[in-house]
Amino acid sequence: YLINHFNDFQLACLGSFFLHESVFFFSGLPFIFFERAGWLSKYKIQTKNNTPAAQEKCITRLLLYHFCVNLPVMILSYPVFRFMGMRSSLPLPSWYICALCFLRLSLWRLILMKVISTQIMFYFILEDFVFYWGHRILHTKWLYKHVHSVHHEYATPFGLTSEYAHPAEILFLGFATIVGPAITGPHLITLWLWMVLRVLETVEAHCGYHFPWSLSNFLPLYGGADFHDYHHRLLYTKSGNYSSTFVYMDWIFGTDKGYRKLKALKSDREEADLKET
């Protein structure tokens, strides 16, 4: 239906924009309601709450930045993606064809898993690498003061603050998200899948809650909300935890030492409390 009723430009630009907005706000807004109502408070990482005025300011700015920065960037970058081979027309990527066939054969299941995992994992790894170094640069004195401090206005983050940033930062770190697809020239459906997963990941990292079912409890290299919340709580010169998705870049370059020390102290305190009881 989409291919028959919309052209490539409409799907790649407007379709991507509306998909992003839908996933972003539907996944991020519930955390505002959780915070206001006090629901799931035992899983909240910080006891401090944002005021309704601060939350409303975030939403207003986000809508302004999304329509005035994100949408124009999507439109202007369309020729680059087309040049690199992105398409929305048939033939569909092999993994999508398999999905449409309801995975009736074992071989198709293997193809689906292999292609999806390879493409998306490549995007995640590359994005995390580029984001880490870009984020560290933004924490230098001048760039933090004039650019990145906007994002850190919220020391107690909630889901929607993940994309609350200075327009220059949106462009700077947004490059980390699109560089992988720009290199590979994927089918539009592959690009949409990557965008959905990336939005859900960054909203979760900023949600302010650490649940028993959080991915960081099951994936050792995944950062998650607890890892990134630490970054927002501290002064810019001492924060660390610069990665977007994984933890290994911070571990390799020693920018997570403060976080690991805090976790160790917390663990020792909990053990001591158990012994006393």
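Remember, predicted model here, so these are calculated numbers, not experimental data.
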query = Do you see a donor-acceptor pair shorter than 3.5 Å between the side chains of Ser214 and Tyr43?
reply = no

Pair Thr184, Gln119: side-chain N/O donor-acceptor within cut-off below 3.5 Å = no

query = Can any side-chain N or O of Asp250 pair as donor or acceptor with the backbone N or O of Ser243 at less than 3.5 Å?
reply = yes

request  = Show your working on side chain to side chain contact (heavy atoms under 4.5 Å, CB included) between His148 and Phe172 and close with a plain yes or no.
outcome  = CA-CA 11 Å; His148 193 50; Phe172 187 49; over 6 Å; no

remark   = Residue pairs meeting side-chain hydrogen bond (donor to acceptor under 3.5 Å, both in side chains), one or both in residues 216-225, sequence neighbours left out, come to Glu204-Tyr222, His210-Asn217

inquiry  = Quick check: closest heavy atoms across Gly134 and Leu173, and the distance to 0.1 Å?
reply    = C-CD2, 3.9 Å

ask   = If you measure only the distance, is there a donor-acceptor pair under 3.5 Å linking the side chains of Tyr78 and Asp8?
value = no

message = Run the ring pair (Phe, Tyr, Trp, His ring centres under 6.0 Å) test on His66 and Phe17 for me, step by step, so that the C-alpha distance in whole Å, both residues' side-chain angles and the decisive distance to 0.1 Å come before the verdict.
response = CA-CA 9 Å; His66 284 184; Phe17 178 75; 7.0 Å; no

task = Report the distance from atom CG of Leu191 to atom CG of Leu19, rounding to the nearest 0.5 Å.
result = 9.0 Å

query = Does any non-hydrogen side-chain atom of Glu163 lie less than 4.5 Å from one of Asn70?
reply = yes

request  = Give a yes or no on whether Phe218 and Val247 share a hydrophobic cluster (residues Ile, Leu, Val, Met, Phe, Trp, Tyr; joining criterion: side-chain heavy atoms under 4.5 Å apart).
outcome  = no

inquiry  = Taking salt bridge (charged side-chain N to carboxylate O under 4.0 Å, His left out) as the cut-off, I'd like each qualifying pair that reaches into residues 52-79, sequence neighbours left out, listed once.
reply    = Arg36-Glu56, Lys57-Glu153

inquiry  = Just verifying a value: how many Å separate Asn241 CG and Leu234 CG, rounded to the nearest 0.5 Å?
reply    = 8.5 Å

request  = Please work out which of the three classes, parallel, tilted or perpendicular, describes the rings of Tyr154 and Phe158, given edges at 30° and 60°.
outcome  = perpendicular

query = What's the spacing between Asp229 CG and Ile45 CD1 if we round to 0.5 Å?
reply = 4.0 Å

Evaluation steps, side chain to side chain contact (heavy atoms under 4.5 Å, CB included), between Arg198 and Thr202 = CA-CA 6 Å; Arg198 177 70 181 105; Thr202 191; 3.5 Å; yes

key: Heavy-atom pair with the smallest gap, counting every atom of Arg233 and Leu262   = NH2-CD2, 3.6 Å

inquiry  = For a quick test of reading the model, state the closest non-hydrogen atom pair linking Thr245 to Asp128 and the distance between them.
reply    = N-OD1, 2.8 Å

ask   = Ignoring hydrogens and geometry, is there a side-chain-to-backbone donor-acceptor pair from Ser162 to Gly159 under 3.5 Å?
value = yes

request  = Evaluate the side-chain proximity of Thr156 to Thr47: yes if any heavy-atom separation is below 4.5 Å, no if none is.
outcome  = no

request  = Would you check if Phe175 and Leu171 make a side-chain contact, meaning some heavy-atom pair closer than 4.5 Å?
outcome  = no

task = Kindly work out whether a path of hydrophobic side-chain contacts (I/L/V/M/F/W/Y, heavy atoms less than 4.5 Å apart) joins Met195 to Leu11.
result = yes

ask   = Tell me, do Ile32 and Leu160 make a side-chain contact under 4.5 Å, heavy atoms counted?
value = yes

inquiry  = Is there a path of hydrophobic side-chain contacts, each under 4.5 Å between heavy atoms, that joins Phe9 and Val73?
reply    = no

inquiry  = On a heavy-atom basis, which atom in Phe131 and which in Ala176 lie closest, and how many Å separate them?
reply    = N-CB, 3.8 Å

request  = Measure the shortest side-chain to side-chain distance between Phe246 and Leu219 over non-hydrogen atoms and say whether it is less than 4.5 angstrom.
outcome  = no

query = Between the side chains of His151 and His166, is a donor N or O closer than 3.5 angstrom to an acceptor N or O?
reply = no

ask   = Is Gln55 close to Thr51 at the side-chain level, that is, under 4.5 Å between some pair of heavy atoms?
value = no

query = Taking the side chain from Gln46 and the backbone from Ala155, do they hold a donor-acceptor pair closer than 3.5 Å?
reply = yes

ask   = Would you find a donor on one side and an acceptor on the other, under 3.5 Å apart, between the side chain of Ser149 and the backbone of Tyr144?
value = yes

inquiry  = For Phe129 together with Tyr132, are the ring centres under 6.0 Å from each other?
reply    = no

ask   = Relative to the ring of Trp213, is the ring of Phe211 parallel (under 30°), tilted (30 to 60°) or perpendicular (over 60°)?
value = parallel

message = Please say yes or no: joined through hydrophobic side-chain contacts below 4.5 Å, possibly via intermediate residues, are Phe25 and Phe33 part of one cluster?
response = yes

query = Side chains of Val130 and Thr177: does their closest heavy-atom pair fall under 4.5 Å?
reply = no

inquiry  = As an exercise, state the distance from NZ of Lys266 to CG of Asp226, rounded to the nearest 0.5 Å.
reply    = 6.0 Å

remark   = All heavy atoms of Pro72 vs all of Cys68, minimum pair found to be CG-O, 3.4 Å

request  = Grab the two heavy atoms, one from Ala225 and one from Tyr209, that are nearest each other, plus how far apart they are.
outcome  = CB-O, 3.3 Å

request  = Classify the ring geometry between His146 and Trp142 as parallel (under 30°), tilted (30 to 60°) or perpendicular (over 60°).
outcome  = tilted

ask   = Do Tyr259 and Tyr230 have ring centroids that are under 6.0 Å from one another?
value = yes

request  = Carefully, step by step, assess Leu215 and Glu201 under the rule side chain to side chain contact (heavy atoms under 4.5 Å, CB included).
outcome  = CA-CA 10 Å; Leu215 281 178; Glu201 181 276 322; over 6 Å; no

ask   = Do the side chains of Val199 and Val203 get nearer than 4.5 Å, heavy atoms only?
value = yes

ask   = Can you hop from Leu62 to Val69 via hydrophobic side chains spaced under 4.5 Å?
value = no

request  = Hey, could you give me the CZ/CG distance between Phe34 and Leu29, rounded to the nearest 0.5 Å?
outcome  = 11.0 Å

ask   = Just checking, is any N or O donor in the side chain of His206 or His231 under 3.5 Å from an acceptor N or O on the other one?
value = no

task = Examine the side chains of His135 and Glu169 and answer whether a donor and an acceptor come within less than 3.5 Å of each other.
result = no

query = CG of Leu193 to CG of Leu197: how many Å apart, nearest 0.5 Å?
reply = 4.5 Å

ask   = If only atom types and distance count, is the side chain of Thr161 paired as donor or acceptor with the main-chain N or O of Pro157 below 3.5 Å?
value = no

query = Centroid-to-centroid, Phe253 to Trp133, below 6.0 Å?
reply = yes

